[in-house]
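To start, the structure itself, in structure tokens.
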Amino acid sequence: MLFRNYLSEQANATQEIRFMRILLAGLLLVILVVAGVVLKLVGNEKTVLVPPEIKRSFWVSGNAVSREYLEDMAYWYAGLALNITPAVSTYQNSLFLKYAAPSEFGRLQMEMGARADFLKKNNTATQFSVRNITLDDKTLRVALSGTLFTWASDKKAGERQATYLVGFKHMNGRLYVSEFKETSEQNPFDSAAGR
């Protein structure tokens, strides 16, 4: 009887070991398949973004952005920088600088600060009405042409045609502002500056 129990326990242990080996082999196979799928998907991610007002969709992937996204983001940044009053300048500048490229942060901060100081000192407000948007999606630069209106206190101080260039850097799947400056309608991408 003791011998029979011993053989039965040994057979059970052998079956348990066999089951564990089969289970381990199955889990290893699943891990290898998942690892293969993950390696295939690395770098191919595409993020679909939905704007505050849904007119069209755009995307950002690991190494590119859609033309629509460039256009909408340039329009938004120009609005932050140019549709401004002394009361909201500090907030809008800080919001703009959240998206500044790290390598250009200091320069953009000084430029935005100087513009805000001018507005506060002169009690001036500006509004930029975009008429035309031109893209250079290879260099991630967008030129916005339109009319810049200026108000001093509550009176219209002037209006003029202006073109602004918004340049971007694409890093780690995000779009950062690298330049924001006024150019001309004849040379919207400021090609004489060496670009």
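- Looking only at side-chain heavy atoms (C-beta outward), K121 and P86 stay at 4.5 Å or farther from each other.
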Under the side chain to side chain contact (heavy atoms under 4.5 Å, CB included) criterion, do S89 and R115 qualify, and how do the steps go? CA-CA 9 Å; S89 62; R115 184 178 289 125; over 6 Å; no
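- To the nearest 0.5 angstrom, T14 atom OG1 is 8.5 Å from N12 atom CG.
- Both Y91 and F105 belong to a single network of hydrophobic side chains, linked directly or stepwise wherever heavy atoms of I, L, V, M, F, W or Y lie under 4.5 Å apart.
- By the side chain to side chain contact (heavy atoms under 4.5 Å, CB included) test, T90 is found to be paired with K120, residues two or more places apart in sequence or in another chain being considered.
- Between L140 and V65, the closest side-chain pair of non-hydrogen atoms falls below 4.5 Å.
- Residues I17 and F19 form no side-chain contact, since every pair of their non-hydrogen atoms from C-beta on lies 4.5 Å or further apart.
- The two atoms that bring L148 and A162 nearest to each other are CB-CB, 4.4 Å, heavy atoms only.
- Hydrophobic cluster membership differs between I31 and L23, with clusters built from Ile, Leu, Val, Met, Phe, Trp and Tyr side chains linked at under 4.5 angstrom.
- Here the side chains of F189 and L165 are in contact, with some heavy-atom distance below 4.5 Å.
- T85 contributes no side-chain N or O that, together with a main-chain N or O of A125, makes up a donor-acceptor pair within less than 3.5 Å.
- A distance of 8.5 Å separates CG of L144 from CG of L135, quoted to the nearest 0.5 Å.
- E179 places a side-chain heavy atom less than 4.5 Å from the side chain of R107.
- The structure places OG of S129 at 8.5 Å from CG of N83, a figure rounded to the nearest 0.5 Å.
- Among all heavy-atom pairs drawn from R141 and G167, the shortest one is CG-CA, 3.9 Å.
- Residues S178 and E104 approach most closely at O-CG, 3.3 Å, considering heavy atoms.
- Looking only at side-chain heavy atoms (C-beta outward), S184 and T163 stay at 4.5 Å or farther from each other.
- Within a 6.0 Å sphere centred on OH of Y75, heavy atoms belonging to other residues, nucleotides or ligands number 12 at most.
- Applying the salt bridge (charged side-chain N to carboxylate O under 4.0 Å, His left out) test to residues at least two apart or on different chains, none of the pairs has a partner in residues 13-37.
- A 4.5 Å side-chain heavy-atom check between L175 and L70 finds at least one atom pair inside the cut-off.
- Clustering of Ile, Leu, Val, Met, Phe, Trp and Tyr by side-chain heavy atoms under 4.5 Å joins Y176 with M171.
- A salt bridge is absent between E111 and K181; no separation between the charged side-chain nitrogens and carboxylate oxygens falls under 4.0 Å.
- Minimum heavy-atom separation, A100 to L108: CB-CD1, 3.8 Å.
- Residue M112 is grouped with residue L95 when hydrophobic side chains (ILVMFWY) are merged at heavy-atom distances under 4.5 angstrom, including chains of intermediate members.
- Clustering ILVMFWY residues whenever any of their side-chain heavy atoms sit less than 4.5 angstrom apart, transitively, puts L80 in a cluster other than the one holding F149.
- The two residues P188 and A143 have their closest heavy-atom pair at CB-CB, 3.5 Å.
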Check the pair W76 / Y69 against ring-ring contact (aromatic ring centres under 6.0 Å, His included), numbers first and verdict last. CA-CA 10 Å; W76 189 66; Y69 186 60; over 10 Å; no
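- In this structure a side-chain-to-backbone donor-acceptor pair under 3.5 Å is missing from S94 to Q92.
- Sorted by first and then second residue, the salt bridge (charged side-chain N to carboxylate O under 4.0 Å, His left out) pairs involving residues 153-165 (not counting sequence neighbours) are K156-E159, R160-E182.
- Every pair passing salt bridge (charged side-chain N to carboxylate O under 4.0 Å, His left out) that includes a residue from residues 126-139 is listed here, sequence neighbours excluded: R67-D137, R131-E185.
- Formation of a donor-acceptor pair under 3.5 Å by the Q15 side chain with backbone atoms of Q10 is not found in this model.
- Its side chain within the 4.5 Å cluster rule, L119 clusters with I84, V88 among the Ile, Leu, Val, Met, Phe, Trp and Tyr residues.
- Taking OG from S145 and CD1 from I133, the interatomic distance works out to 9.5 Å, rounded to the nearest 0.5 Å.
- Each of Y164, F96, F128 was evaluated against Y77; a single residue qualifies, F96, per the ring pair (Phe, Tyr, Trp, His ring centres under 6.0 Å) test.
- In this structure, CG in L27 is found 11.0 Å from CG in L32, a value given to the nearest 0.5 Å.
- With a 4.5 Å cut-off on side-chain heavy atoms, T134 and V142 do not count as touching.
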